[in-house]
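This report refers to the structure that appears directly beneath it.
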Amino acid sequence: MILPLFRLVREHVSTTTARLYGLSSSDPAIAEMSIEIPPQRALGDIAVPIAFVLARRLRKAPRVTAQEIAAALGPIEGVVRVEVAPNGYLNLFLDRAYWLRTWTAAPSPPSPPSHPSPSKTIVEHTAINPNKAAHIGHLRNAALGDAFARLLRFQGRLVEVQNYIDDTGVQVGDVVVGFRELEHKTLAEVRAIADSTRFDYYCWDLYARVTDWYRDDKDRLTIRAAALQAIEHGGNDTAEMAAFIATRIVGCHLATMRRMNIGYDLLTWEGDILRLHFWAHAFEFLKKTGEVYLQTEGKLAGCWVMKIEDDAKEDDGAEGDDPKEKVIVRSDGTVTYVGKDMALQMWKYGLLDRDFYYHRFADAVWSTTSDEAADAGGHPTFGHASMVCNVIDTRQAYLQKLLKQALAALGFIEQARQSVHYSYEMVALTHETARELGYDPSEDSGKPFVEVSGRKGLGVKADDLLDRLIEKAAGEVGRRNPEFATADVRRTAEAIAVAAVRYFMVKFSRGKVIAFDIDEALSFEGESGPYLQYAVVRANNIFAKLREREGTDAAAVIATLAATAPGPIADGSDASHDLWGLVLEAARLDDVVEQAVRTLELSVLAKYAFGLAQLFNGFYHSYPVLKEEDADVRIWRAAAVEYYRRQLTTALTLMGCRVPERM
């Protein structure tokens with residue numbers, strides 16, 4: 001991994017530069033010194049542009065400064081020489097054999113830093129309304145959030161992954177109204193439906209029907225309002241039905257996410273926030289600051305409201321807010337979701353003097369509860385984070401700004417600064433995929449993609465999408481591997497389908513609306529998850545054949561490196577440059593992860609992985625391992641392939657993709 005090497009070079013160059021020119025370690029030229037990779041192998045392996053930063057201050061040409069630093073630098077472990085480029089770069093040439101031996105000797109997957117951060121980062125993602133089946137849009141949220149948490153853990157950070165369950169919100173209330181008003185069902189009858197049908201699918205259709213029912217007569221919205229009040233107050237039949245519906249559907253969601261290799265540390269339930277009076281406690285805080293105040297006139301009279309800063313904007317005008325005020329508590333006393341989210345954000349940072357009770361949910365994940373008697377004990381310490389990252393689509397940007405605004409108003413400036421909104425754009429369908437999944441795209445014929453809407457019942461259920469992808473992948477796997485048993489075909493197809501979805505969801509910039517295309521996602525040739533999987537499988541096949549022909553495995557190859565002449569990787573030939581180029585690019589994984597985390601842009605990792613796979617495939621065709629007659633060359637090439645496959649496998653794992661044994 002290349003970051004320790006960067007730190008080693010940075011330490012030597014910064015110490016030498018500080019000594020030469022009387023600079024302190026905090027001087028910007030030292031503290032912010034960058035390390036670059038030259039565009040051509042002949043220019044070296046690492047480039048340091050510090051001479052350009054010092055040029056004006058020292059009143060010297062960059063090349064002169066670089067020459068002075070190079071002369072005083074002294075030996076650096078793993079560096080064979082330092083050259084000064086005509087333009088003033090310090091170019092370092094690495095001991096290629098030393099670094100490949102070092103990197104292949106390290107554990108796989110790589111160990112996190114020796115001094116991981118003791119502070120905690122909470123990543124909240126998925127947060128599907130528990131009123132219907134998960135859809136394709138939810139998969140982008142979950143794929144981004146899960147991968148981001150994996151990247152943080154790869155860096156050695158302590159991460160807690162939460163999934164927020166809005167069990168007292170409008171969507172659950174609407175399904176309750178649907179069962180009662182449209183289907184006239186009792187709770188016992190709803191339980192029977194849940195036991196005998198695919199319940200999240202059943203509620204999907206019911207939710208669309210009740211939406212139409214409201215649209216036909218706006219006065220029916222008073223029934224929704226009454227249901228929401230009953231759910232929030234609790235202790236009644238409506239609240240009991242809502243709790244059952246939410247609990248059952250969350251179980252369905254967890255099963256769907258398991259298929260995507262996605263899990264959670266904690267489910268946080270909105271109802272528990274209310275029942276444990278988290279909001280009441282936070283409300284008192286906010287009232288004391290004057291940030292939340294009672295509006296006494298106009299259309300918001302009787303509501304507790306919060307002023308919205310100029311750069312925050314309400315996109316959902318359902319409550320009829322004044323553009324400069326946001327309703328936190330309605331005139332009937334019910335709390336809006338903004339208020340509940342404020343209380344939860346404060347709890348995440350340990351700013352409330354109270355906590356949830358905890359128990360194991362049906363999926364064995366920890367879950368909050370407001371029932372002290374149900375507290376399981378022995379649970380981890382939840383909350384108390386130093387950074388909170390909420391993965392929510394761009395339509396919720398104003399809410400996230402309000403959360404930061406509320407924390408800052410209470411004097412929690414650092415917590416406000418460390419509250420990160422990981423935003424992303426929506427997922428649509430290509431016209432071809434919409435038709436394949438049974439939707440008529442004619443209404444969107446003038447658009448480049450087909451929009452979906454769960455409220456209207458027009459959307460791709462996540463499980464249906466996965467089933468279709470598995471079916472198509474199984475056909476290709478069976479065609480390529482006629483000797484596979486049915487179970488082998490299914491297992492391989494499942495891994496391919498998940499990689500197809502997960503890679504597709506992260507390969508685009510998160511600010512880009514994406515149109516999901518089944519054939520593009522499943523392609524074995526293009527920029528896709530299956531392409532990356534196959535690039536690892538191809539490397540795995542090399543070692544399978546080495547074992548078969550020579551009884552040699554990867555561990556034996558690595559053990560042999562110390563006694564193998566380094567010529568094939570270090571003689572300066574085109575072949576050695578290409579071999580080293582594959583190794584050096586594979587080593588950049590930790591640097592790419594750091595960039596992806598810093599910029600909140602996972603597409604950086606996806607693009608890197610695709611480029612690495614392409615580089616290997618070119619190497620594979622130009623420099624065979626199995627057919628190479630020179631034993632030393634064969635060993636160095638095999639070692640490079642081993643290191644590459646480790647790194648690409650790790651990159652795929654960070655994106656939640658497993659590599660099948662064969663494809």
Side-chain angles (χ1 to χ4, degrees), residues 1-9 35 37-38 40-47 75-82 91-111 535-536 538-540 542-543 546 550 552-593 608-609 611-620 622-626 628 630-651:
M1 303 294 274
I2 211 164
L3 285 182
L5 169 58
F6 283 178
R7 285 192 289 269
L8 176 67
V9 170
I35 303 289
I37 301 292
Q40 300 175 24
R41 199 82 303 123
L43 297 177
D45 300 307
I46 293 177
I76 302 175
E77 185 179 19
V79 176
V80 293
R81 71 180 188 277
V82 179
N91 289 334
L92 285 71
F93 292 78
L94 301 178
D95 184 336
R96 297 175 174 184
Y98 170 87
W99 285 109
L100 182 53
R101 288 167 180 152
T102 299
W103 288 331
T104 53
S108 179
S111 298
V536 176
R538 175 173 273 173
N540 291 342
I542 291 175
F543 282 94
L546 279 175
E550 302 177 14
T552 300
D553 60 11
V557 168
I558 293 167
T560 308
L561 284 181
T564 304
I569 197 173
D571 63 11
S573 64
D574 288 344
S576 70
H577 285 330
D578 290 343
L579 175 61
W580 174 241
L582 176 64
V583 172
L584 194 61
E585 183 65 13
R588 289 185 55 240
L589 175 60
D590 56 345
D591 186 36
V592 171
V593 168
Y608 162 79
L612 181 59
Q614 286 184 307
L615 189 63
F616 166 72
N617 284 332
F619 178 86
Y620 175 87
S622 299
Y623 304 105
V625 175
L626 300 170
E628 175 56 49
D630 187 303
D632 289 352
V633 173
R634 188 166 62 253
I635 288 171
W636 284 107
R637 287 180 184 174
V641 171
E642 163 61 10
Y643 185 57
Y644 146 81
R645 73 166 176 167
R646 285 188 193 180
Q647 295 294 85
L648 186 54
T649 299
T650 300

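Residues Trp580 and Asp45 bring a donor and an acceptor atom of their side chains to less than 3.5 Å of each other.
Smallest separation of non-hydrogen atoms from Pro566 and Ala97: CB-CB, 3.6 Å. Shown here for Ala639 and Val557, the closest heavy-atom pair between the two residues is N-CG1, 3.8 Å. Between Asp574 and Tyr623, the shortest heavy-atom distance links the atoms O-OH, 3.9 Å. Residues Leu582 and Leu615 approach most closely at CA-CD2, 3.8 Å, considering heavy atoms. Annotation for Arg96 and Ser576: closest pair NH1-O, 3.5 Å, computed over non-hydrogen atoms. Of all heavy-atom pairs spanning Phe543 and Glu642, the tightest one is CZ-CB, 3.6 Å.
From Ile635, atom CD1 reaches atom CD1 of Ile569 across 12.5 Å, with rounding to the nearest 0.5 Å. The distance from the CD atom of Glu77 to the CG atom of Leu5 is 10.0 Å, given to the nearest 0.5 Å. Annotation: the span from Leu579 atom CG to Tyr644 atom OH amounts to 14.0 Å, rounded to 0.5 Å. Going from atom CG of Asn617 over to atom CG of Leu612 covers 9.5 Å, rounded to the nearest 0.5 Å. From Thr564, atom OG1 reaches atom CH2 of Trp636 across 6.5 Å, with rounding to the nearest 0.5 Å. Interatomic distance, CD1 of Ile46 versus CG of Leu94, reported as 4.5 Å (0.5 Å rounding).
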Determine, stepwise, if the pair Val641 / Phe619 fulfils side-chain contact (heavy atoms from CB on, under 4.5 Å). CA-CA 9 Å; Val641 171; Phe619 178 86; 4.2 Å; yes

Evaluate the side-chain contact (heavy atoms from CB on, under 4.5 Å) criterion for residues Tyr620 and Ile542: first the C-alpha distance (whole Å), next the side-chain angles of each, then the deciding distance (0.1 Å), finally the verdict. CA-CA 10 Å; Tyr620 175 87; Ile542 291 175; 3.9 Å; yes

Could you go through the side-chain contact (heavy atoms from CB on, under 4.5 Å) check for Trp103 and Leu584 one step at a time? CA-CA 10 Å; Trp103 288 331; Leu584 194 61; 4.2 Å; yes

Can you check side-chain contact (heavy atoms from CB on, under 4.5 Å) on His577 and Gln40, steps first, answer last? CA-CA 10 Å; His577 285 330; Gln40 300 175 24; over 6 Å; no

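The side chain to side chain contact (heavy atoms under 4.5 Å, CB included) search around Ala565 returns Asp632, not counting sequence neighbours.
Remark: side-chain polar atoms of Asp590 are paired, donor with acceptor, to backbone N or O of Ile2 under 3.5 angstrom. The main-chain N or O of Glu585 is found under 3.5 Å from a side-chain atom of Tyr608 such that the two form a donor-acceptor pair. Of the possible polar contacts, one joining the Arg646 side chain to the Thr104 backbone as a donor-acceptor pair under 3.5 Å is found. Counting only distance, with no hydrogens or angles, the side chain of Arg81 and the backbone of Phe93 share no donor-acceptor pair below 3.5 Å. Side chain of Arg637 to main chain of Pro624: a donor-acceptor pair is present (N/O by atom type, distance under 3.5 Å, no hydrogens or angles).
Within the 4.5 Å cutoff, side-chain heavy atoms of Leu626 are placed close to those of Leu546.
Remark: Arg538 is not positioned above the aromatic ring of Phe616, lacking an NZ or CZ atom under 6.0 angstrom from the ring centre and at most 45 degrees off the axis.
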